[in-house]
Peer 1: 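Right, I'll just put the structure down here and ask away after.
Chain identifiers are assigned alphabetically (A, B, ...) following the order of the sequence lines, protein sequences preceding nucleic acid strands; residue numbering begins at 1 within each chain. Since we're looking at a predicted model, the values are computed, not measured.
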Protein chains: 2
Amino acid sequence: MVTIYEVSKAAGVSLATVSRVMNGNVKVSDRTRQKVLKAMAELGYKPNSIAQSLASNRSNSVGLLVSALHGSFFGNMMSTVEDVLRKAGKHVVITAGHSDEQQEKNAIEFLLDRRCDALILHAEAVSDEYLLELSQCDVEVVLINRRIEQMAERCFYTDNELGGYLATKAAIDKGHRDIAYISGPLFKQDAKERLEGHKRALREANITFDPELMVEGGFHEEEGAQGYLQLTAVNKPFTALICANDEMASGAMTAARERGVRIPEQLSVVGFDDVLFARYLYPKLTTIDNPIQKMGNGAALWVLEHVYKDKKSRHHTNLFAPKLIVRDSLVAPE
Amino acid sequence: MVTIYEVSKAAGVSLATVSRVMNGNVKVSDRTRQKVLKAMAELGYKPNSIAQSLASNRSNSVGLLVSALHGSFFGNMMSTVEDVLRKAGKHVVITAGHSDEQQEKNAIEFLLDRRCDALILHAEAVSDEYLLELSQCDVEVVLINRRIEQMAERCFYTDNELGGYLATKAAIDKGHRDIAYISGPLFKQDAKERLEGHKRALREANITFDPELMVEGGFHEEEGAQGYLQLTAVNKPFTALICANDEMASGAMTAARERGVRIPEQLSVVGFDDVLFARYLYPKLTTIDNPIQKMGNGAALWVLEHVYKDKKSRHHTNLFAPKLIVRDSLVAPE
DNA sequence: TTTACAAATGAAAGCGCTTTCATTTGCATT
DNA sequence: AATGCAAATGAAAGCGCTTTCATTTGTAAA
């Protein structure tokens, strides 16, 4: 491997000068720069990023924590983050937290050990206090899909309340009045907010929220199926079912169909997230677009701007608005 | 940050000794080891992985190239690879090649610049020659889902021919005789092999392969839909449709349904890969399990064993056998 | 006790860069 | 030509480790 030393010799300048033309932060005369660039090209020089990191105390790497590497929900976000950062020459170390407190902490620890310059976290299980403490360390921390007041400008999140509202509103607009709801786990902020939105939509339409038409699930498919069964068990008819995410909507649809219910004719279903497979479902799922990739983009730009002082990368907003995606699973009641 | 120097002072030993207890490759007397470990614990010492890398000429990082970060096909593999390697304290740098030659080369270049100790590549667009040349460099290269004779022991792949055979065989076993096939792009090895398997199954059942009942797609959903339309255009009836992957199966099913064809009663469909959403489709897709995560596991273990000399991590096989996943989309013809 | 040899430890030279600080160069002004 | 000052460059000290090689220590045999 050719080193900076050989370049400096070939170009007849000092190490410092070569370093300067590489980094471009200090003025170098044009004549010198050309000599150096020529030498680099001729020797096929590639800077050793590890040595750069050690000397500059910058690893040029960003840690990304997601709940799971598989599953459509995170795929797009990872994709966006990786894309933005790699184009800027940074690299992304991805870890999975599996929505488990200890595993999330381990993963963060790992990223810290790796001397990441910044962490982009989709942390679900870890407490606000832990994250606040973490942000006191010398890494920059930004949060995705979560909002903590004290670090609000580093949080990138969906307006979940609005999303929940839009989902239920869509059903109401179609003429539904008996609307059931399968919630996400209410210890999670986003699940709670979506439910709030649901309630607001009901209130605006003068429909009383009926606790018996609501069950709490865990965001997984099985719980959608279970939830549906629980809801039918109380013997209060409903013509529309709003689910706090697409997985549960899928489970509920399957369960309903197995019981001979025709969808959407006898039961309309609305999901949330618009993950990839939403359009593979039958009928294609009407859902709420959760702009997770935009959040990833925002977070990556924030990092470039604030950590790497990249002037061009300006992020513009922290709050992303969800919107209704109209497909086939929501129709007017019979 | 506390450095090795402070630890050595606190423990009253030299830098070298501290380094030795960390790495454990050279004998250190028990008494000394205890002193050092105590000092480390008390100071809360964390080795600086970047300095380690520079000094040892080992980055302890493994580059992983996939076609896309999103999509279910790669999710499981990334998940497995990350898991195995992180548990061994290595980190994974993930990049996406988007099935494009130039992008794949760029990504590999990036990983090389990052001084990865090994590369795990799911490279689709780059030539065999390029990969062979790459494997001459001082990184260790292993391939996923691809086989190159000259580096066979570093290749981890599915028996695609067998998979293709099993898919078609399953249809034949149900009594189908008129079987159409939507292939993947035939410049890709795996697509070609799957088609071979299809032909073998037909041959064994004394069914003549009819080129008109075969179209070549690009592994994407739309091409499944287009493919179906093309197949129906030739006016040769078929009762079963084998698709070279699940995406195209989904597309074909949608297209068929839109034309009023009942699935599986009027048309049986078999996919390939068993990606996550296969079970979300309606009807649930009968398909071939493509053990991509096992390949990821095998590749990761290989790296641990050969690059990091981890004795415990023995991989066992390079060739993975696919198997039939029976669900609802394949039934006997009417 | 002396000797021999292996085991344990330490001193110090890197690894390939960045960056500070001192020095030199170039250029406009007197 | 002499002066002053900013711009450009170079020398060298790290960054926090690993590893080689030399030295010291411990142990068993003579």
Peer 1: If I take atom CG in residue A:L15 and atom C1' in nucleotide C:dC17, what distance separates them, rounded to the nearest angstrom?
Peer 2: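 Value for this atom pair: 8 Å.
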Peer 1: Indicate yes or no: does B:E42 engage B:K38 in a salt bridge with an N to O separation below 4.0 Å.
Peer 2: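 Result for this pair is yes, salt bridge flagged.
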Peer 1: For B:R115 and C:dC17, what is the distance between atoms CZ and C1' respectively, to the nearest whole Å?
Peer 2: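 Going from CZ in B:R115 over to C1' in C:dC17 covers 11 Å.
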Peer 1: Does B:Y45 have a side-chain nitrogen or oxygen under 4.0 Å from the phosphate oxygens OP1 or OP2 of D:dC17?
Peer 2: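 For D:dC17, OP1/OP2 do have a side-chain N/O of B:Y45 under 4.0 Å.
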Peer 1: Whether A:S29 contacts D:dT9 is assessed here as follows: a side-chain N or O lying under 4.0 Å from the phosphate OP1 or OP2. Is that the case?
Peer 2: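 So the side-chain polar atoms of A:S29 do come within 4.0 Å of the phosphate oxygens OP1 or OP2 of D:dT9, strictly under.
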Peer 1: Among the candidates C:dT19, D:dT19, D:dT9, find the nucleotide nearest to the side-chain atoms of B:S19.
Peer 2: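 Nearest to the side-chain atoms of B:S19, counting from C-beta on, is D:dT19.
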Peer 1: Report which part of the nucleic acid B:V18 touches: base, sugar-phosphate, or nothing (heavy-atom distance under 4.0 Å, all strands).
Peer 2: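 Counting heavy atoms under 4.0 Å across all strands, no contact is made by B:V18.
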Peer 1: Nearest to the A:S14 side chain among D:dT19, D:dA11, C:dG16, which nucleotide is it?
Peer 2: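 Output: D:dA11.
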Peer 1: Looking for any heavy atom pair under 4.0 Å, which part of the strands does B:N57 touch: base, sugar-phosphate only, or nothing?
Peer 2: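 Answer is nothing: B:N57 stays at 4.0 Å or more from every strand.
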Peer 1: If I take atom OH in residue A:Y5 and atom C1' in nucleotide C:dC17, what distance separates them, rounded to the nearest angstrom?
Peer 2: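 Spelled out: OH on A:Y5 to C1' on C:dC17 is 14 Å.
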Peer 1: More 5' along DNA chain C: B:A51 or B:G12, using each one's nearest nucleotide?
Peer 2: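 With B:A51 and B:G12 compared, the 5'-side residue is B:G12.
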Peer 1: Picking from D:dG16, D:dT9, C:dG16, which would you name as closest to the side chain of B:N48?
Peer 2: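 Among the listed nucleotides, the one closest to the side chain of B:N48 is D:dG16.
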Peer 1: Of the nucleotides C:dT18, D:dA12, D:dT18, which has the atom closest to the A:A16 side chain?
Peer 2: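 Within the option list, the nearest is D:dA12.
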Peer 1: What is the distance, to the nearest angstrom, from the CG atom on A:N23 to the C1' atom on C:dT20?
Peer 2: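 In whole Å, C:dT20 C1' lies 15 Å from A:N23 CG.
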Peer 1: Restricting to non-hydrogen atoms, name the atom on B:V139 and the atom on B:C116 that form the minimum distance, rounded to 0.1 Å.
Peer 2: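 Shortest heavy-atom separation between B:V139 and B:C116 comes out as CG1-O, 2.9 Å.
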Peer 1: Would you kindly give the CG-to-P distance between A:D113 and D:dC17, to the nearest whole Å?
Peer 2: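 Computing the A:D113:CG to D:dC17:P distance gives 12 Å.
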Peer 1: Would you mind telling me which of D:dT18, D:dT9, C:dG10 lies closest to the side-chain atoms of B:M22?
Peer 2: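 In terms of side-chain proximity for B:M22, the closest of D:dT18, D:dT9, C:dG10 is D:dT18.
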Peer 1: Could you check how far NZ of A:K27 sits from P of D:dC5, rounded to whole Å?
Peer 2: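 A:K27 atom NZ is separated from D:dC5 atom P by 22 Å.
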Peer 1: Base, sugar-phosphate, or nothing for B:V28, non-hydrogen atoms under 4.0 angstrom?
Peer 2: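 Sugar-phosphate, no base atom in range.
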Peer 1: Would you indicate which nucleotide in D:dG10, C:dG10, D:dC17 comes nearest to any side-chain atom of B:T3?
Peer 2: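 From the listed options, D:dC17 comes nearest.
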Peer 1: Students often mix this up, so state it plainly: with edges at 30° and 60°, are the rings of B:F110 and A:H91 parallel, tilted or perpendicular?
Peer 2: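 Perpendicular, since the angle between the ring planes exceeds 60°.
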Peer 1: Quick test of your reading of the model: are A:E109 and B:K46 salt-bridged, counting only N-O distances below 4.0 Å?
Peer 2: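 Judged by the 4.0 Å cut-off on N to carboxylate O distance, A:E109 and B:K46 do form a salt bridge.
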Peer 1: Of the listed nucleotides (D:dT9, C:dC17, C:dG16), which one gets closest to any side-chain atom of A:T32?
Peer 2: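 Given the options D:dT9, C:dC17, C:dG16, the side chain of A:T32 is closest to D:dT9.
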Peer 1: Measure NZ/B:K9 against C1'/C:dG10 and give the value in whole Å, please.
Peer 2: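 Checked: the NZ to C1' distance equals 17 Å.
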Peer 1: Does a distance-only test, which skips hydrogens and angles, find a donor-acceptor pair under 3.5 Å between the side chain of B:R20 and the base of C:dG10?
Peer 2: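 A donor-acceptor contact between them is present.
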Peer 1: Starting at atom CD of A:Q34, determine the distance to atom P of D:dA8, rounded to an integer number of angstrom.
Peer 2: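 Checked: the CD to P distance equals 14 Å.
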Peer 1: Start with the C-alpha distance between A:E140 and A:L119, add both sets of side-chain angles, then the distance that settles side-chain contact (heavy atoms from CB on, under 4.5 Å), and finish with yes or no.
Peer 2: CA-CA 6 Å; A:E140 302 278 355; A:L119 301 184; over 6 Å; no
Peer 1: Looking at B:R146 and B:D190, does any basic side-chain N land under 4.0 Å from a carboxylate oxygen?
Peer 2: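 So B:R146 does not pair with B:D190 through a salt bridge.
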